Amino acid sequence: MLRADRRNGGPDYSALDPCVHCGFCLPACPTYLVTGDEGDSPRGRIVLMRSLERGEMSPNDPGLLEHLEGCLGCRGCEPACPSGVGYGRGLEAAREQIFHARGLSPLARLVLGVFRYGKIWRPLFAMARALRATGLPRLLSGRGRLGFGMGMLASSAEMTEQAEKRKAVGQQGGSPLGGWTGGQRDSGPAGQQQHAGEVRSVSHTDPLSRRPADPPTVVLFRGCVMNALFSHVHEATKRTLRVNGYRVIEAGGQVCCGALHEHAGDVGSARSLAAVNVAALEDRADFIVVNSAGCGALLKDYGRLLGSDAAAKLGARVRDVSELLAERGPRRGAAVGLDVAYDAPCHLQHAQRVHEAPLAMLEAVPGLRLRILPGSDRCCGSAGIYSVLRPAMARAVLDSKIASVAEARPRPDLIVTGNPGCLMQIGAGLRAARLPIGVAHPVELLDLSYDEAGFYE
Ligand code: SF4
Ligand code: SF4
């Protein structure tokens with residue numbers, strides 16, 4: 001039986017040391033809320049991880065595997081913990097130990113193998129884009145496994161394209177999304193948005209007055225899924241950053257960030273991918289901008305993953321797009337009159353601890369009626385490749401979020417969230433529930449607002 005040994009560089013479980021088994025984290029755990037089983041709770045999983053560390057349980061124990069593989073890795077339990085337990089670090093250690101003992105399941109090996117090599121995922125995603133362009137995924141989206149997958153692909157389309165197609169097939173149901181592509185303007189008071197039922201006042205300070213003489217340089221991290229299916233978000237990222245005084249450059253030679261591999265315990269593959277990205281991005285710019293929360297969380301952590309000064313230096317310069325824009329105000333655009341609900345990606349709020357910047361970005365869009373719905377801080381069930389490996393639990397976790405959206409009055413026109421997996425998972429869930437609500441990355445709304453204001457002419 002493999003026993004964890006920190007002294008020899010083995011998995012490090014010390015982040016779990018502060019746990020006093022109080023159970024305050026239980027109500028924050030999406031899987032525990034679904035099953036009510038202590039083994040599906042953070043506290044129960046910590047007990048299992050400690051047993052694994054001490055060698056009291058085998059990495060092949062079916063019960064241990066069931067509960068640890070059933071964890072979303074969302075880290076929603078961390079902010080709920082009064083003792084400061086680093087649950088995510090403990091989970092990484094356990095999954096690394098299990099990976100070394102028994103490898104990956106055939107399905108996980110297949111999926112992670114695809115993302116390991118650009119020569120495989122690039123043509124596969126090109127085929128997915130071609131399929132998306134036919135409109136079939138939108139028509140075939142539904143509740144079954146195939147229908148849900150089609151809904152995910154359909155939800156990766158540009159928000160304006162989604163709105164146009166919904167209108168064309170008569171699924172609009174009266175949503176203002178139909179008029180959105182023409183740039184719906186709102187006659188309400190600019191500078192006021194609704195947030196959690198309250199109207200928030202927004203600063204009208206011109207952020208451009210705070211620009212330094214030399215614009216900071218930003219290099220875009222392209223990633224894999226984001227680059228293949230959400231290139232429109234990359235374009236929106238570049239345009240909005242430029243409007244706010246950044247000089248945006250591109251860098252070739254990038255690969256998948258490695259987050260999917262690290263979360264599965266395949267730290268060796270994650271390190272190989274990270275090393276390629278460090279070589280591609282180091283010393284290229286003042287900042288590395290990322291618009292995918294999952295990728296951003298790992299890029300910021302490359303120093304720990306690789307243990308090199310170059311990786312740590314690079315990690316310190318990584319920013320979510322919302323952080324860079326919030327740093328500059330950001331500049332306000334033209335009004336866009338939509339009801340929008342913000343859903344916080346787990347790896348932005350819990351892993352990166354970025355809370356206010358996405359809201360500041362949305363508040364720069366006058367006329368937007370911005371809300372935070374109940375449960376918006378809870379995982380959607382996407383969780384990297386979790387929704388592929390454990391679709392039943394992923395859907396059960398998603399259902400409570402979709403129910404919260406369905407109950408909201410007024411019903412939002414759009415759910416915005418800054419992670420590709422969340423966009424596709426929530427988008428597919430909305431389609432399966434036949435709710436005429438779109439999904440978009442927050443930067444797409446700012447981009448639309450800037451376009452309406454004529455900033456790109
Ligand atoms: S992780 Fe934190 S909140 Fe959960 S049982 Fe341990 S000490 Fe309590
Ligand atoms: S990471 Fe998420 S799913 Fe896992 S124990 Fe914590 S809250 Fe529950």
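All heavy atoms count here, side chains included; hydrogens, waters and symmetry mates do not. Just follow the structure's listing: the first ligand is 1, and inside any ligand the first atom is 1. If you're wondering where the values come from, they're calculated on a predicted model, not measured in any experiment.
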Q.
Looking at Arg304, I'd like to know if its CZ atom is crowded, meaning that more than 12 non-hydrogen atoms belonging to other residues, nucleotides or ligands lie closer than 6.0 Å.
A. yes
Q) Starting from atom 6 (Fe) of ligand 1, which protein heavy atom do you reach first, and at what distance in Å? A) Cys19 SG, 2.4 Å
Q) Taking the non-hydrogen atoms of Cys77, is any one of them nearer than 4.0 angstrom to ligand 1? A) no
Q. Relative to the heavy atoms of Cys22, which atoms of ligand 1 are at a distance of less than 4.0 Å?
A. 3 (S), 5 (S), 7 (S), 8 (Fe)
Q. At the 4.0 Å heavy-atom cut-off, does Gly23 count as touching ligand 1?
A. yes
Q. Should the pair Arg143 and Phe148 be classed as cation-pi, given the thresholds of under 6.0 Å to the six-membered ring centre and 45° from the axis?
A. no
Q.
Measuring from atom CZ of Phe99 to atom OG of Ser269, what distance do you get when rounded to the nearest 0.5 angstrom?
A. 6.0 Å
Q: Using a strict 4.0 Å cut-off to heavy atoms of His21, name the atoms of ligand 1 that fall inside it.
A: 5 (S), 6 (Fe)
Q) Within the stated cut-off of 2.8 Å, is an N/O/S atom of Cys74 closer than that to atom 2 (Fe) of ligand 2? A) yes
Q: Write out the residue and atom name of the closest protein heavy atom to atom 3 (S) of ligand 2, then the distance separating them to 0.1 Å.
A: Leu72 N, 3.4 Å
Q. Which of the numbered atoms in ligand 1 are below 4.0 angstrom from a heavy atom of Pro82?
A. 3 (S)
Q) Would you say the side chain of Met127 lies within less than 4.5 Å of the side chain of Leu131, judging by non-hydrogen atoms? A) no
Q. What's the shortest distance from atom 1 (S) of ligand 2 to any protein heavy atom, and which residue and atom give it?
A. Arg75 N, 3.1 Å
Q | Nearest neighbour in protein (non-hydrogen) for atom 7 (S) of ligand 1 | A | Val20 N, 3.4 Å
(Q) Quick one, Gln254 and Arg222 - any side-chain contact, counting heavy atoms below 4.5 Å? (A) yes
**Q.** Per-atom contacts of ligand 2 with Pro30, taking only distances under 4.0 Å to non-hydrogen atoms
**A.** 7 (S)
(Q) I'd like to check which ligand 1 atoms, numbered from 1 as shown, lie under 4.0 Å from a non-hydrogen atom of Cys81. (A) 1 (S), 2 (Fe), 3 (S), 7 (S)
(Q) Can you report which non-hydrogen protein atom sits closest to atom 5 (S) of ligand 2, along with the distance? (A) Arg45 NH1, 3.3 Å
Q) In the protein, what heavy atom is nearest to atom 4 (Fe) of ligand 2, and what distance, to one decimal place, separates them? A) Cys71 SG, 2.3 Å
Q: Evaluate the ring planes of His232 and Phe230, with Trp represented by its six-membered ring, and classify them as parallel (under 30°), tilted (30 to 60°) or perpendicular (over 60°).
A: tilted
Q: Considering heavy atoms of the protein only, find what lies nearest to atom 8 (Fe) of ligand 2 and give residue, atom and distance to 0.1 Å.
A: Cys29 SG, 2.3 Å
Q: Select one of side chain, backbone, both or neither to describe which atoms of Ile46 lie under 4.0 Å from any atom of ligand 1, heavy atoms only.
A: side chain
Q) Backbone, side chain, both or neither: what part of Ser83 comes under 4.0 angstrom of ligand 1, heavy atoms only? A) side chain
Q) Has the side chain of His347 got a donor or acceptor atom that lies under 3.5 Å from a matching backbone atom of Ala293? A) no
Q. Can you find a heavy atom in the side chain of Lys238 that is under 4.5 Å from one in the side chain of Glu250?
A. yes
Q. Heavy atom under 4.0 Å from ligand 2: found in Tyr87's side chain, backbone, both, or neither?
A. side chain
Q) What do we get for Glu78 next to ligand 2 when only non-hydrogen atoms under 4.0 Å count, side chain, backbone, both or neither? A) neither
Q) Does one side chain, of Arg378 or Ser400, offer a donor that lies under 3.5 Å from an acceptor on the other? A) no
Q: Using a strict 4.0 Å threshold on nitrogen-to-oxygen distance, state whether Asp40 and Arg45 make a salt bridge.
A: yes
Q) Can any side-chain N or O of Glu78 pair as donor or acceptor with the backbone N or O of Gly86 at less than 3.5 Å? A) no
Q: Tell me whether the centres of the aromatic rings in His234 and His441 are closer together than 6.0 Å.
A: no
